[in-house]
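Please read the structure below before turning to the comments.
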Amino acid sequence: MDQENELIELTGTVDSIIYKNEENAYTVLRLVDENGELVTVVGCFPYAAAGESMILSGAWTTHSVHGRQFKAEYAQRLLPTTASAIYDYLASGAVRGIGPATALLIVNRFGEKSLEVLENAPDKLAAIRGISPQKAAQFSETFRRQTGMRRLMEFICSFGLRPVLAIRLYRFYGDSAMKVVRDDPYIIAASHIGGSFAEADEMALELGVELNSENRVAAAAVFELEYNAGNGHCFIPRQKLAAITAQLIGVEIERVDDVIAEMIGAGKIRFEQIAGCDACYLPNLYDAECYTAQRIAALAQGRYASRMDFTQLLSALERKQGIQYAPLQRQTLQLALENQLVVITGGPGTGKTTSIRAILALYEKLGLRTLLAAPTGRAAKRMEELTGCEAATIHRLLGAKFAEDEESVVFSKNAREPLECDAIILDECSMVDVVLMSALLEAMPSDARLVLVGDADQLPSVGPGDVFSAILRSEAVPAVRLTEIFRQNSSSRIVRNAHMINHGEHPDLSLNEGGFFRLRRLQAASTVETVTELCSVRLPQKMQIPASEIQVLSPTRKGELGTVNLNRNLQAALNPPDEKKKEKQFGSVVFREGDRVMQIRNNYDIPWHSADNSAAGSGIYNGDIGMILQIDGEQENLTVDFDGRIAVYSFDQLLELEHAWAMTVHKAQGSEYRAVILTLCSTSPMLMSRDILYTAVTRAKELLILVGDEKLAYQMIDNERQSRRYNALRVRIRRASGLI
């Protein structure tokens, strides 16, 4: 007998909700069965509420602590139909803003038709004294949304998939989400939804998609291209793409190659023989790479004949800034005077910021309108602090927003509506991927100057391409590599050791001095304990460095020394439970007023306003750090302060936030902190690399503490291997410049 035939049926009405996990919809509830008996039921019941009826299929089990309970595998759920059950449903808080008193007013007026009125006739609700038209519309919208979300979740759960996918689908597609996912189950594996291809494929096969069908093979090929773009690749060699796609779905490689050929013919995959590869691109990445190469090559050939005497100009700038420029900085200034494009690279303390200030002063002398930009909010803020001039993220500068399909990103600044400027200085360029660089170049006026600044030895961008390195390696652009170390005094070892690490040398980690310390801990538990104590007691009390100015870094999210576990421990020490602080549990995470949090994906639609309401806008971006100011259980939202930008998140948007006392080295790129604590842990070889350690060390301004086994640090220094990224930008720039 199969398992399904062993399932039994249980029918009843929900009496109360004992526990619910909003991330995965796991719920424990009390149900009054047909015999009037109160029983405990566990299962996946999104938005369950008292008063609704359920027909459940499952089995009785005995929990070691909670005793006898019914474990539901399948559920058919019906909204309440009697007036008393509708009152129970509404009074339980099932619809945000409606409590027992309002529920009584609604049910007394409309009886058994209350839910119908609530969904379809908010104007009738507004006729009830005490319910304004605005509140009525809000109640109706919330009910419709929850009803649609619940139906979608039930549909998703019926395939054994995670309910969190339904939350994302509904956020992007609203009431049409069910139709969208039925028409194309593989939408689940799209990056903006975040499901795995296996989850999407399981649904598609259950919905009747053939194993060998063109749609399935094509979806798998696109998934592989998108997945690998997330790992930094602009293209995949055709033979490799066919092989990994065939392996993914268990189809003959010849069948896959035939479908790839059809996709190339239809323009769904762009194909070109370049850089020694038969390269297969997603269309948007192909266009971005080609356009970036053409614009960089054109800018590199732009020259200006200055009417000003450079020596006199330089002397005037030195007097104004009270500084004497080093020879390489003088060369940088001359290149910025005479060329449309200049690239500046160098390690920590080599004078990149001084060069930016000097070029700003030079452009001001020339009467040029100059914009300052950086890839992240924290990098832009740091640029502002160092230069004294306004800086913006690239996304904000370009007016990024979601397109009408709510999947792709569009920019209000582009070739048709370019930026109003004569020059752009872009910092932290190693973080910029090819899509963002292409968008910036398109929005630049054709005669504007561009200065690219960064550290080519740091980690490459999270997104596709290796843009900054490729531009430098093309040898087609005016470039300066700053090498002399200025930001160093006799006692500081952070900058000195960073350069040693970058050159593959082993600094003496036993010398605990000069702002660079190592605390040997050989066990993960003692490492976590030490990190927590440093943040909560030792640094604040002994060195007067508050926890707000300390950043814990780890190479990885996973494991005992990963950011997830570190944040759990740091929250307990730095912002423990307090009856005065409200909390919201979301899955396994508890968000609490006073928590430090980070936005983990670009969201161009979240509105924000300044603390004094003098400014407003929209868009919170990946990597933005803030603090939870308020949690409102009644309105089901929480308020976050992102460095003066106040944004409100509904509870179903909490997927976009995570705690940020500890973060990965990748997430910290582009930021500087007064004190950095780095956990040394054994993890994936890809994360045990020199560039990870170098990037982590260079985040610290005053103090760096390595906690763990120094042997792991030396392993990272010796691991120079960087994963190869499939991209052809360097070759394209050289070709567009006539060098090949």
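This structure is a prediction, so every number in the text was calculated from the model and none was measured.
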>> Students often mix this up, so state it plainly: with edges at 30° and 60°, are the rings of Phe155 and Phe159 parallel, tilted or perpendicular?
In response: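 Perpendicular: the ring planes of Phe155 and Phe159 meet at over 60°.
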>> Does the plane of the ring in Phe197 sit parallel, tilted or perpendicular to the ring in Tyr186? Use 30° and 60° as the thresholds.
In response: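 Correct class here is parallel.
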> Yes or no on salt bridge (Lys or Arg N to Asp or Glu O under 4.0 Å) for Arg601 and Glu656, after CA distance, side-chain angles and deciding distance?
Replying inline: CA-CA 6 Å; Arg601 64 179 291 270; Glu656 299 184 12; 3.1 Å; yes
Spell out, as yes or no, whether a donor-acceptor pair under 3.5 Å connects the side chain of [X] to the backbone of [Y].
| X | Y | result |
| --- | --- | --- |
| Asn603 | Ile620 | no |
| Glu549 | Pro546 | no |
| Arg592 | Asn575 | yes |
| Ser196 | Glu199 | yes |
| Asp184 | Val180 | no |
| Glu73 | Ser57 | no |
| Glu593 | Glu583 | no |

Below 4.5 Å, heavy atoms only, C-beta onward: do [X] and [Y] meet side chain to side chain?
| X | Y | result |
| --- | --- | --- |
| Ile628 | Tyr649 | no |
| Tyr47 | Glu52 | no |
| Ile86 | Ile106 | no |
| Asp643 | Ile625 | no |
| Arg596 | Leu574 | no |
| His66 | Val42 | no |
| Asn602 | Val409 | no |
| Met178 | Tyr173 | no |

>> Before you tell me yes or no, could you show the steps for Phe139 and Ile131 under side chain to side chain contact (heavy atoms under 4.5 Å, CB included), namely the whole-Å CA-CA distance, both residues' side-chain angles and the distance that decides it to 0.1 Å?
In response: CA-CA 10 Å; Phe139 293 159; Ile131 300 180; 4.2 Å; yes
> Just checking, is any N or O donor in the side chain of Arg30 or Thr40 under 3.5 Å from an acceptor N or O on the other one?
Replying inline: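 Present: a donor and an acceptor within the cut-off.
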> Between Arg144 and Ser140, do the side chains contain an N or O donor and an N or O acceptor separated by less than 3.5 Å?
Replying inline: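 Note: Arg144 and Ser140 side chains meet the donor-acceptor criterion.
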Which atom of [X] lies closest to which atom of [Y], heavy atoms considered:
| X | Y | value |
| --- | --- | --- |
| Pro80 | Leu115 | O-CD1, 3.7 Å |
| Ser554 | Leu566 | CB-CD1, 4.1 Å |
| Gln571 | Asp595 | NE2-OD2, 2.9 Å |
| Gly619 | Arg645 | O-NH1, 3.4 Å |
| Ala374 | Ala380 | CB-N, 3.6 Å |
| Val537 | Pro540 | O-CD, 3.4 Å |

[atom1]/[X] to [atom2]/[Y] distance, rounded to the nearest 0.5 angstrom?
| X | Y | atom1 | atom2 | answer |
| --- | --- | --- | --- | --- |
| Lys558 | Thr563 | NZ | OG1 | 11.0 Å |
| Leu398 | Ser412 | CG | OG | 7.5 Å |
| Leu169 | Ile193 | CG | CD1 | 4.0 Å |
| Glu34 | Ile55 | CD | CD1 | 8.5 Å |
| Glu560 | Arg568 | CD | CZ | 10.5 Å |
| Met431 | Asp433 | CE | CG | 10.0 Å |

>> Run His659 and Phe591 through side chain to side chain contact (heavy atoms under 4.5 Å, CB included) and show every step you take.
In response: CA-CA 8 Å; His659 288 118; Phe591 290 102; 3.9 Å; yes
>> Would you say NZ of Lys581 has more than 12 non-hydrogen atoms from neighbouring residues, nucleotides or ligands within 6.0 angstrom?
In response: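 Result for NZ/Lys581: enclosed.
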>> Would you say that more than 12 heavy atoms from the other residues, nucleotides or ligands in this model lie under 6.0 Å from the NZ of Lys135, or not?
In response: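 12 or below, so no.
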> Less than 4.0 Å between a side-chain N and a carboxylate O, is that true for Glu658 and Arg557?
Replying inline: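 Judged by the 4.0 Å cut-off on N to carboxylate O distance, Arg557 and Glu658 do form a salt bridge.
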> Would Gln69 and Thr61 count as a side chain to side chain contact (heavy atoms under 4.5 Å, CB included) if you check the C-alpha gap in whole Å, the side-chain angles of each, and the deciding distance to 0.1 Å?
Replying inline: CA-CA 6 Å; Gln69 55 190 26; Thr61 62; 3.7 Å; yes
> Would Tyr604 and Tyr621 count as a close aromatic pair, with their ring centres under 6.0 Å?
Replying inline: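 Yes, they do, as the ring centres are separated by less than 6.0 Å.
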>> Between Ile17 and Ser92, does the side chain to side chain contact (heavy atoms under 4.5 Å, CB included) criterion hold? Intermediate values first, please.
In response: CA-CA 9 Å; Ile17 307 300; Ser92 72; over 6 Å; no
